[in-house]
Structure formats: structure tokens, C-alpha cells
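Notes for the one structure printed next.
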Amino acid sequence: MSNDIPFLRLLSAIGELKEHAKGAKREILEFADRDPAKARVLFKVADTLLKQFAKTSVYGKLKYALDMWSYGDEERYYDVDAFGMSNATVELMMPFFQFLYHHYFRVDVEGAKNIARNGPALVIANHSGTLPYDGAITNLAVYNNHPKHRYARYLVDDFVYYVPFAGTFIQRTGGVRACQENAVRLLDHGHMVMVFPEGLKGVSKPFEERYQLQRFGRGGYVKLAMRTGVPVIPTAIIGAEEIHPMLWKSEVLGKAMGMPYFPFTVTFPWLGPLGLIPLPTKWKIIFGKPISFKKFTARDAKSERKVKEMSQKIQAKVQSMIDTELEKRESVWY
Amino acid sequence: MLARHGEHRQLIAIDGEPLRSDLPQSAYHRIYLAKKGASRKLASRVPHTHASVTIVHAALPEVIDIDEETARDRLIAEAKNVLAAAKELHVHKLVLVSSTDVYGAFATNPAYLTEEMAPRGADQSPILDALCTIEKLFENYVEQHRRTVVTALRPSTILGSRVRDFKTTFFDQTVIPTAMGFDPLVQFIHESDLLRALLEVIEKDERGTFNIVGDNILPLSRAARMLGRPTVPLPTPVLSTAAQVASKVGLEIMPSSYIPFLMHTCTADGSKARHDLGFVPVYTSHEALLSFATKGWRR
């Protein structure tokens with residue numbers, strides 16, 4: 001993005017580099033007499049900074065690559081992308097979620113060929129589970145079944161960002177606050193975006209209502225697809241709705257603790273923190289045939305009728321995918 | 001830089017504090033802008049031989065008074081005097097340097113705030129309330145004086161080797177306080193980039209509001225890491241008390257009303273300036289931060 005005027009940029013960077021190098025040298029020499037220990041530290045800092053500035057020239061790029069090869073890739077490791085995702089956090093969490101994916105939930109995937117090879121796409125799925133494991137696992141299903149390991153981004157509800165640690169963690173692992181502006185920008189950047197239109201109502205579904213889709217929001221994702229002309233991949237997640245069978249939820253208790261609700265599941269809070277361990281159900285994720293939105297325009301997004309129609313159509317599609325799969329399923333556990 | 005660029009122009013600097021830059025003394029006038037009658041004083045300093053006068057009002061102060069309410073009143077009084085002087089001089093152009101902070105730091109902010117979104121910062125801080133009010137005052141001025149070109153720039157946090165304000169003071173601390181469990185994304189603009197944007201605005205007659213931001217964003221924790229400063233995560237309720245206590249003791253850490261900026265992201269989209277002004281920042285946020293980090297090395 002910033003390479004529109006590489007020449008000017010290069011000049012300014014080289015100018016800075018020389019100035020810094022000179023200043024730093026003088027400073028360190030002054031120090032070396034008085035305080036050798038501090039001088040050593042300064043040398044190290046100067047080196048890091050010079051490395052940063054050296055990135056802009058061809059020689060600098062080579063040297064930088066070499067340095068990174070020998071020192072480890074700190075910049076890539078600690079920096080975030082345009083939406084706050086950190087590769088370091090994703091890589092850190094990957095083994096844990098891969099374990100859940102392969103050994104704990106033993107996920108089967110159907111319709112892997114429907115995962116968009118490239119270009120923007122919207123994955124619309126059912127939401128459940130009290131704790132939203134389905135988001136992470138479906139994301140991994142996309143990642144594992146895509147030839148180039150595509151990493152989808154997912155939209156999350158606002159409330160997460162008020163909760164200390166949770167908001168930051170979700171952002172670093174690829175979550176983006178759900179709003180039209182963010183979603184349009186993500187799709188413009190060519191990302192694959194996962195949306196759970198049921199939202200909080202889906203996650204906090206009581207056990208007896210499992211696999212019955214809640215209202216699909218106000219059709220925000222349909223408007224999004226209409227505006228951008230991006231295909232929608234209807235997706236059904238089987239198994240996630242039984243990991244934390246919820247008996248009852250208290251909104252009053254939840255509010256007092258800064259959460260939208262406080263769940264009482266079969267295991268939580270009776271077993272304490274152990275109750276947060278999900279039940280090892282067998283999962284199956286089905287990616288349906290993409291629904292094209294090419295024929296719609298931004299004007300259609302303004303028509304309540306058309307939006308509602310498409311939203312209901314997609315909801316019915318996901319529900320029927322769930323129902324056929326549930327009929328085939330023999331057990332929750334294997 | 002401004003002086004060097006426009007050789008056919010005359011540049012006049014006005015500030016309440018003694019001059020700290022390399023401008024010739026003759027171009028500098030010391031006026032307390034918040035005082036009554038400052039507008040007449042300001043107008044009298046501008047030679048009438050100049051056909052077109054441009055006033056650049058850099059609204060964000062270097063230091064914030066401990067009492068933020070007083071700071072707000074002072075900022076608004078200053079802006080009113082500047083506008084009164086502008087009216088007297090029939091200026092051709094008015095440029096306001098505000099801040100992207102006017103959008104406010106909210107959990108409900110989109111990843112990139114655009115100029116179309118209404119600034120919501122007024123509820124968060126008296127200083128931001130002042131900035132929002134000043135922006136409104138400038139907008140109202142256009143309605144009364146249609147021929148005047150009024151432009152507002154909203155730069156993100158300005159960093160560089162020369163700039164000094166309460167935000168650079170924050171990043172200059174030996175230990176940087178953060179909000180426990182929160183790590184907002186931050187965005188910087190290099191001082192020379194902001195000057196370049198100002199030049200664009202002075203050269204071109206482009207009305208409206210523009211976000212002036214550097215490319216790339218980085219987490220606050222990463223910024224502290226690049227500066228080589230340790231961070232102290234404090235629980236959010238303690239943080240505001242700590243800021244208040246510190247300001248009472250005389251430690252200028254940060255205005256306590258700015259604490260939301262340690263929790264929630266307030267990053268803006270600079271594509272409007274790119275398209276309409278043709279302004280492309282040379283420094284990314286990272287580079288602006290590094291330039292700031294090495295400022296002490298340049299004597």
C-alpha cells in the first residue's frame with residue numbers, strides 16, 4: 001500500500017538511517033568510556049534499529065532476511081495484520097486446536113470442494129455450544145481442507161471487546177467485530193469471512209432446542225453479500241450443539257459478572273473449572289454449495305423484502321443440511 | 001519546512017510559549033490566544049499587503065492542564081479568538097489541525113474509522129469535547145463565510161524527533177502503564193508527514209475533513225516493546241485512580257479521561273486524504289515510532 005512512491009520513501013529512509021547511525025555511534029562512544037555495560041546495551045538497540053531501517057533498500061532487504069534467518073523472525077512474530085490478527089498467537093494456539101480437531105472432536109468434513117479456493121466468500125453456519133468452540137474448529141476445517149491452508153476470519157459480537165483478555169485474544173486469533181464496515185473491508189481485502197447469524201442467541205441455546213436454528217439476525221449478512229456480490233457458503237456444524245448441554249442460563253448473574261449470561265450446564269459450575277471442559281462429541285462439518293449473489297446489487301440490499309427472502313432461504317438451506325445429517329447420525333459420541 | 005517551501009510567502013508563527021523551533025524571531029509573535037482581545041492582536045500582526053491569508057490553527061495543545069475542564073474552556077476560547085481574527089482579516093483559507101481521537105475509543109468502533117462517521121469522543125473526555133466543539137465552530141464559520149475554504153485535518157498520534165505533546169510524554173515514560181487484559185491497536189503519523197499534508201492543504205483548495213494517518217497499525221504492547229520500555233498492566237478501575245493521583249502529585253502521565261484509549265482501538269482510515277488530497281504518508285506507523293525512539297541520539 002505504501003509503495004506508491006518508493007523512491008521518495010527510499011530517500012527518506014536512507015537519510016534517516018545515516019543520521020541515526022551517526023548519532024548512535026557518537027552516543028555510544030561517549031558512553032563506552034564511562035559505562036561499558038550500558039554501551040553494550042546501546043549497541044544492541046542501535047543494531048536492532050538499524051536493522052529496521054535497513055529493510056527499505058535492496059541490500060538492506062538481503063541483510064534483513066539473513067538477520068531474520070539467524071536471529072529468528074521477530075517482526076513477523078509480534079506484528080499484527082490490518083485487522084489485529086497476530087501470526088504468533090495463531091501459531092501458539094494451533095497445536096491445541098489441532099488436537100481438539102483431530103483427536104478430541106474427531107472432525108469429519110463433507111463438501112471440502114465447496115471451500116472457496118481464493119477470493120472473498122462468506123461462510124454462514126449454525127452457532128451453538130455455550131462456549132463458541134464451533135468458530136475455532138470450523139475455521140480449522142477450512143484451514144486443513146484448503147490446499148494452501150486458507151485462514152478465514154470470523155465476525156464476533158461487540159460484548160467480547162469489553163471483557164479483559166477475551167477481546168484481545170479473539171482479535172489476535174483473527175476475530176473481527178461484527179459490523180458492516182468491517183465486513184465490507186474484510187471482503188474487499190479478499191478474505192474469507194465466517195458469520196454465525198444466530199449470534200449470541202445461538203451460543204446460548206438451551207439443550208432441548210439444539211439444532212433448531214434461531215432467527216438469522218436482521219439479515220445483515222445478506223445485505224453484505226448483496227452489496228459485495230460475494231458468494232455465500234451455507235455450512236452445517238453437527239456435534240457442537242452437545243458439547244455443553246445447557247440446562248438453564250441466568251442473565252442477571254451474567255450481567256453482574258460482565259458477561260451476557262451465566263450458563264448452568266450439565267458440568268458447569270458444579271465441577272468448577274473442570275466443568276469448562278467440553279464433552280467429547282463426534283463432529284461433522286458440511287460445507288454446502290456456494291449460493292451466488294452476483295445477480296444482486298447494492299440497491300437490493302435496501303429492499304427489506306428481498307433481504308428477508310434470501311435470509312429465510314439460506315436459513316432453510318442450513319436447517320435442511322442439519323436435519324439430513326442428524327437423520328444419518330447414529331450416535332453423538334462416535 | 002513550511003518556511004522553506006513557500007519562498008514567495010510570509011510565514012508567521014503565533015504561540016503563547018517562547019519559540020522552540022528554527023524559525024527567525026521576526027516571524028514569531030507571542031500572543032496568549034485564550035485572552036480577551038487576542039483576536040485583534042492577532043489580526044494586527046498580519047500585514048495587509050497580503051492578498052490571501054491562510055490561518056492554520058493547531059488545536060491540540062502541548063501540555064494539558066491538570067484540570068481538564070479548564071483546558072477545555074481555554075481551547076475553545078483560543079479557537080473563538082482565531083475565528084474572530086479570521087473574520088476581521090477576511091482570510092482565504094482556514095486549516096484546523098484536530099486529531100483522530102475525536103472519534104473516541106469505543107469497543108464498538110469499526111476497525112477503521114472514516115470521515116463520514118460522527119465523532120463520539122465528546123462524551124469521553126473534556127479535551128475531546130473541546131476538539132469536537134472547535135470542529136463545529138469551524139464548520140459554522142463556513143456557513144457564514146461561504147467563500148472561505150475551511151479544511152480540518154485529523155492526524156493520529158504524531159511522533160517524530162521534534163514533536164512534543166502529552167502523548168509523546170506518555171511514550172517517553174520509563175515505564176508505560178497499560179490496561180490489564182486490553183491491548184488496543186495504535187496508529188502513528190510522522191511529524192514530517194503531517195507537515196506534508198498541511199502543505200497539500202495550503203497549496204490546494206480542498207474543503208472538508210481528512211484523516212491523516214500512517215500505514216500499518218500495531219498493538220500498544222508492541223509499540224512499548226519497540227521503544228524498549230517495560231509495561232505495567234493495571235486493572236482498569238485502578239488505572240483511572242492512578243492517573244488522577246499521579247496528576248495531583250504533579251506527574252504528567254496522561255489525562256485521566258484518556259484511559260479508554262488504553263483499552264479500545266481508535267484507528268482511522270486515511271484513504272480519503274489519499275484520493276482527494278493526493279497525500280501519501282512516507283513513514284509507516286512503525287517507522288514514525290522508530291524515528292521517535294531514536295530522537296535522543298540526534299544532538
Side-chain angles (χ1 to χ4, degrees), chain A residues 1-5 8-13 16 19-28 30 41-42 44-46 48-50 52-53 55-56 74-75 78-84 86 158-169 171-172 176-186, chain B residues 106-114 116-117 160-161 179-186 190 192-193 196 214-223 225-228 233 235-236 263-265 267 269-271 274 278 280-291 293-299:
Chain A
M1 240 159 81
S2 53
N3 291 332
D4 297 353
I5 41 161
L8 187 57
R9 197 183 161 70
L10 194 68
L11 273 184
S12 90
E16 282 274 6
E19 228 172 317
H20 286 302
K22 268 191 242 157
K25 247 187 186 167
R26 206 181 320 127
E27 184 91 60
I28 295 166
E30 273 173 28
V41 175
L42 264 172
K44 216 177 232 173
V45 175
T48 331
L49 288 165
L50 288 178
Q52 287 278 358
F53 281 109
K55 271 200 294 184
T56 24
E74 184 171 314
E75 272 65 33
Y78 285 101
D79 277 337
V80 297
D81 78 347
F83 294 92
S86 148
D158 297 351
F159 83 88
V160 181
Y161 290 100
Y162 294 102
V163 186
F165 300 102
T168 310
F169 177 74
Q171 193 181 50
R172 295 290 175 273
V176 178
R177 190 185 86 85
C179 67
Q180 288 278 327
E181 292 98 337
N182 283 350
V184 169
R185 205 174 279 270
L186 276 170
Chain B
F106 292 95
T108 49
N109 276 349
Y112 292 93
L113 293 145
T114 58
E116 290 113 61
M117 287 164 200
S161 49
M180 192 183 273
F182 293 94
D183 195 6
L185 302 171
V186 288
H190 194 266
S192 67
D193 275 334
R196 208 168 288 123
D215 289 336
N216 295 2
I217 46 175
L218 61 162
L220 185 60
S221 61
R222 170 85 173 118
R225 210 190 149 82
M226 278 167 73
L227 288 171
T236 29
M263 298 164 67
H264 302 305
T265 300
T267 46
D269 178 10
S271 54
R274 203 177 276 262
V280 184
V282 172
Y283 293 81
T284 63
S285 292
H286 286 78
E287 289 162 349
L289 186 69
L290 283 170
S291 156
T294 53
K295 71 181 188 319
W297 296 4
R298 210 181 297 168
R299 292 272 160 82

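To find a chain, count down the sequence lines: A is the first, B the second, and so on, and within it residues start at 1.
At a 4.5 Å heavy-atom cutoff, the contact between B/I217 and chain A is made by backbone and side-chain atoms alike. Proximity to chain A is absent for every atom of B/T236, based on heavy atoms less than 4.5 angstrom apart. Looking at A/Q180, there are no atoms closer than 4.5 Å to chain B (heavy atoms on both sides), in backbone or side chain.
Between chain B and the options A/A178, A/A166, A/A82, A/G84, the largest number of non-hydrogen pairs under 4.5 Å is found for A/A82. Most heavy-atom pairs under 4.5 Å with chain B, from the set A/Y161, A/F83, A/F165: that is A/F165.
Proximity of B/R274 to B/P281: side-chain heavy atoms (C-beta onward) are separated by under 4.5 Å at one or more points. For the pair A/R185/B/D269, a side-chain contact is recorded, criterion being any heavy-atom separation below 4.5 Å from C-beta on.
Under 3.5 Å, the side chains of B/S192 and B/H190 contain a donor-acceptor pair of N or O atoms. In this model, no donor atom of one side chain and acceptor atom of the other lie less than 3.5 Å apart for A/T168 and B/D183.
Between B/M117 and B/Y112 the shortest heavy-atom distance is CE-O, 4.4 Å.
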